[in-house]
Amino acid sequence: MKSLLLSRQAIRRISLSSSKPQPFRRNFSAATPSISRSDRHLRSYDEPIPRPVSSSLTRHFHSTRESRLSDSQIHDDDDEEEDGTTNEFLSRFVWIMRGKVSEAFPDSDKKMVDGMLLLIVEKVVAEIESGGFSKVGGSSSAAPPPSPSSEFSDDLWATIWEVSNTVLKDMDKERKKEKMKVYVQSPEVMEMCRFAGEIGIRGDLLRELRFTWARDKMEEAEFNESLEQMRDLDTSIRDSETVADEEGEDVSVVDSDEAQPRSISLPKRKGKFKYKIYGLELSDPKWGEVADKIHEAEEEADWREAKPVTGKCKLVMEKLESLEEKDDPSGLIAEWVELLEPQRVDWIALLDQLREANTSAYLKVAEHVLEDKSFRASISDYSKLIHFHAKENHTEDVERILKKMSQNGIFPDISIATALIHLYSKSGNLERATEAFESLKSYGLRPDNKIYTSMIMGYVNAGKPKLGERLMRDMEARDMKCSDEVYMAMLRAFAQTGDADGAAGIFNSMQLDFKDTNCFEAYGLLVEAYGRAGKADKAKINFDQMRTRGFKPDDKCIANMIRAYKRENSLDKALRLLLQLEKDGIEIGGITYTVLVDWMATLGLIEEAEQLLVKISQLGEAPPFELQVSLCYMYSTARNEKKTLQALGVLEAKRDQMGPNEFERVITGLKTGGFEKDARRMFKHMEARKFLPSDRLKIDMGASPSFGSGFNRVRR
């Protein structure tokens with residue numbers, strides 16, 4: 001900062017400043033009220049900077065006078081405003097320059113710094129009076145204007161121009177901030193914010209919209225003001241030319257371009273107006289219809305306040321708040337209506353109070369008033385109830401409200417269709433979920449990830465992963481990606497049904513991180529899918545690939561691999577695999593032993609199976625439920641009555657856990673071993689669970705071939 005150099009003549013003037021008073025420019029004393037003729041110090045600029053006045057940069061110095069025709073048209077108010085702007089500029093200027101001068105001359109005392117600032121400010125005021133500051137206010141990257149005085153160095157003048165530009169920019173920012181405060185509180189902006197709040201816009205988005213609307217209003221006002229100034233300037237020029245012609249004054253020769261009459265006009269717009277908000281095209285005529293509907297809704301809206309609830313009416317309301325879940329509110333509602341004669345605003349006040357006090361009473365009353373004419377129910381009232389019941393999985397309540405909507409000629413909108421998709425998908429009603437999904441697409445709305453996820457999980461839970469896969473491909477075509485949870489759920493569904501091709505397709509679609517735990521589970525499910533499909537070779541390939549990736553197979557994965565060899569009856573391959581795992585230090589658990597016991601039971605190797613049972617007991621784990629099915633089948637086919645009845649007793653106690661395959665195997669084993677009475681008893685249990693037996697089992701049990709045609713087939 002040593003570049004802030006003053007000439008020797010300037011230094012001498014600083015020392016003489018206390019004895020020889022220096023004349024100030026016009027109004028400079030007003031900008032420095034604490035300066036006296038005896039000390040000439042600039043203490044006033046150490047005080048806090050006053051708030052800027054609301055004026056544009058074009059009026060900072062002489063631009064105001066240049067835009068007028070004569071001094072007689074300048075009013076005293078304009079002079080005062082101009083002086084106030086000049087004073088504020090000088091205050092800010094001195095505040096910044098004091099720091100720069102003190103930094104450049106750290107050894108100078110306060111009196112010396114004040115003297116330097118006095119000389120600098122006198123030159124700045126002189127430049128203001130002479131119009132030298134017309135070059136100030138441009139971009140910071142532009143070259144500084146030439147030095148107007150030789151008393152200051154070029155570096156000092158460059159610093160003066162830099163500080164002046166900074167001050168003017170700060171003043172302009174403050175001016176715009178003050179103007180924004182006015183427009184933020186303007187009636188038009190407040191009305192738009194009120195409407196945005198009514199349609200559900202809250203928080204940061206509403207705050208951003210409010211400032212955007214205020215900024216647009218301010219820019220529109222500034223644009224109109226500039227047009228007015230241009231029109232006044234053009235009118236003044238035309239009037240002066242007319243007066244000059246009438247008085248016969250000589251007009252100097254001007255260029256042909258300047259001799260042409262001036263005209264102020266806006267460029268013509270080509271094409272149609274296009275309005276966009278957050279990327280949403282609003283130029284379509286359909287948005288005009290939407291606006292008309294909004295205006296109609298506003299006209300129908302009741303802006304009155306709710307009636308005061310006192311006396312008997314208040315007692316009735318308190319009774320409504322204390323209703324039990326089994327109570328009927330019809331009588332109390334009728335009494336309340338008779339006492340208050342409510343309008344819609346009164347009903348809404350009642351419902352709001354009930355929602356906070358008693359949710360059960362709120363739901364009953366809200367559904368009851370849908371049919372009351374004074375309530376004037378709209379689709380939003382139905383939507384609120386449907387969303388609440390859908391969130392709580394109250395399917396019957398939703399169906400009842402939809403029926404009332406249909407009777408009153410009101411059809412579900414997009415919001416209701418979305419809620420129905422989530423509800424029916426969770427409850428397993430795929431027919432209704434698909435119907436709501438198709439109606440949603442008929443509105444022209446593209447389903448989002450949540451809707452697709454609900455539909456896919458609904459198909460997965462219903463055991464129809466193929467339909468879920470179709471929706472996944474639809475999402476991929478729309479550049480939408482499923483979550484890892486959805487991929488894993490689809491892979492489990494294909495593995496449980498033994499659809500190896502479907503499982504492989506899902507596995508290939510997943511972008512797996514081979515360090516993630518999902519990768520290990522995905523490989524295990526793929527091995528299970530190939531095992532259930534009877535493709536032991538492909539199951540072994542994925543099993544080996546999983547181990548190559550560094551994953552250690554768990555007991556379930558090994559059991560799936562053994563189950564794949566069991567379907568092919570490849571006992572030698574299974575034994576080689578078990579020996580290799582034992583050599584690698586991998587121990588098998590109860591699930592794998594259970595599969596081996598079942599395999600031995602199928603082959604009739606009772607001694608080998610019982611040896612495996614000893615190993616299962618040594619593990620100290622509770623034996624799996626499937627083990628009892630295998631034991632019952634093995635001992636019944638071997639006609640071991642004691643052990644058969646023992647295993648059968650365990651199965652009957654837990655028959656709710658049995659699926660159709662387990663029932664059929666137990667009944668077949670009992671029938672083969674001659675336990676006819678027990679077989680028929682288990683057959684009745686299967687019939688009570690509404691499982692559909694195979695044709696062979698129906699013939700063996702003496703049932704008609706059409707048995708169970710009214711039941712739904714359920715398979716694990």
Side-chain angles (χ1 to χ4, degrees), residues 386-399 402 416-441 447-476 480-507 509-510 517-518 521-522 524-529 531-533 556 560 625-626 654-663 686 689-692 710-716:
I386 290 175
H387 274 81
F388 187 93
H389 287 302
K391 187 177 180 180
E392 300 297 329
N393 295 330
H394 299 162
T395 306
E396 295 180 358
D397 297 324
V398 171
E399 294 285 352
L402 288 174
I416 294 177
T418 302
L420 293 178
I421 290 174
H422 293 304
L423 171 66
Y424 291 133
S425 297
K426 287 188 292 184
S427 61
N429 192 340
L430 295 181
E431 183 178 354
R432 296 300 303 273
T434 305
E435 181 182 342
F437 184 75
E438 294 299 329
S439 66
L440 185 68
K441 292 198 294 186
D448 58 5
N449 275 60
K450 291 184 178 179
I451 294 176
Y452 271 116
T453 299
S454 295
M455 288 296 299
I456 292 173
M457 294 305 294
Y459 286 128
V460 168
N461 296 332
K464 299 180 179 179
K466 278 292 184 183
L467 297 178
E469 185 182 15
R470 187 182 305 171
L471 291 181
M472 291 182 66
R473 304 309 174 201
D474 189 19
M475 290 181 66
E476 293 176 358
M480 301 170 68
K481 188 178 183 303
C482 290
S483 63
D484 293 340
E485 291 77 10
V486 174
Y487 276 119
M488 295 305 298
M490 288 288 295
L491 196 55
R492 291 189 197 98
F494 279 122
Q496 290 173 1
T497 57
D499 189 344
D501 295 335
I506 297 297
F507 184 86
S509 299
M510 298 174 66
T517 55
N518 283 340
E521 185 179 0
L525 292 172
L526 196 60
V527 170
E528 180 181 356
R532 291 181 182 272
K556 183 179 178 181
N560 288 326
F625 178 75
E626 292 79 3
K654 299 180 179 181
R655 59 179 178 272
D656 292 339
Q657 301 180 21
M658 296 178 64
N661 294 332
E662 286 80 4
F663 270 113
M686 184 179 184
R689 294 285 302 279
K690 298 183 179 180
F691 290 139
L692 183 65
F711 299 140
N712 294 324
R713 181 183 298 274
V714 181
R715 294 289 179 184
R716 278 191 179 177

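Rounding to the nearest 0.5 Å gives a distance of 6.5 Å between CD of Glu528 and CD of Gln496. The distance from atom NZ of Lys466 to atom CG of Asp499, rounded to the nearest 0.5 Å, is 4.5 Å. A distance of 10.0 Å separates CG of Leu423 from CD1 of Ile386, quoted to the nearest 0.5 Å. The structure places CE of Met455 at 11.0 Å from NE2 of His422, a figure rounded to the nearest 0.5 Å. In this structure, His387 NE2 and Leu420 CG are separated by 8.5 Å, a value rounded to the nearest 0.5 Å. Note that the CD atom of Glu435 and the CD1 atom of Ile421 stand 11.0 Å from one another [nearest 0.5 Å].
Heavy atoms only, all atoms of each residue included: Leu525 and Arg492 are closest at CD1-CG, 3.4 Å. Here the shortest heavy-atom pairing between Phe494 and Glu469 reads CZ-OE1, 3.5 Å. Closest approach of Ala390 to Ala419, counting heavy atoms only: CB-O, 3.9 Å. Nearest approach of Thr434 to Tyr459, heavy atoms of both residues: OG1-OH, 3.1 Å. For the residue pair Ser425 and Ser454, the shortest heavy atom distance occurs at CB-O, 3.0 Å. The heavy-atom pair separating Phe437 from Pro447 by the smallest distance is CE1-CG, 3.7 Å.
Contact annotation: the side chain of Val398 approaches that of Leu402 to within less than 4.5 Å [non-hydrogen atoms, C-beta and beyond]. You'll find the side chain of Arg432 stays beyond 4.5 Å of the side chain of Ser427, heavy atoms only. Asp397 has its side chain out of reach of Glu392: every pair of non-hydrogen atoms, C-beta onward, lies at least 4.5 Å apart.
Taking a 6.0 Å sphere around NZ of Lys556, one finds it holds 12 or fewer heavy atoms contributed by other residues, nucleotides or ligands. In Lys450, the NZ atom is not crowded: 12 or fewer heavy atoms of neighbouring residues, nucleotides or ligands sit closer than 6.0 Å. Annotation: Glu438, atom CD; neighbour count of heavy atoms from other residues, nucleotides and ligands within 6.0 Å is above 12. Around CZ of Arg473, the count of heavy atoms belonging to other residues, nucleotides or ligands within 6.0 Å exceeds 12.
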One pair to check against side chain to side chain contact (heavy atoms under 4.5 Å, CB included): Cys482 and Met490. What are the steps and the verdict? CA-CA 11 Å; Cys482 290; Met490 288 288 295; over 6 Å; no

Please step through side chain to side chain contact (heavy atoms under 4.5 Å, CB included) for the pair Tyr452 and Asp474, ending with a clear verdict. CA-CA 9 Å; Tyr452 271 116; Asp474 189 19; 2.9 Å; yes

What do the steps show when you test Met475 against Asn449 for side chain to side chain contact (heavy atoms under 4.5 Å, CB included), and what is the final call? CA-CA 8 Å; Met475 290 181 66; Asn449 275 60; 3.9 Å; yes

Mind running side chain to side chain contact (heavy atoms under 4.5 Å, CB included) on Phe691 and Met658 for me, showing each step along the way? CA-CA 10 Å; Phe691 290 139; Met658 296 178 64; over 6 Å; no

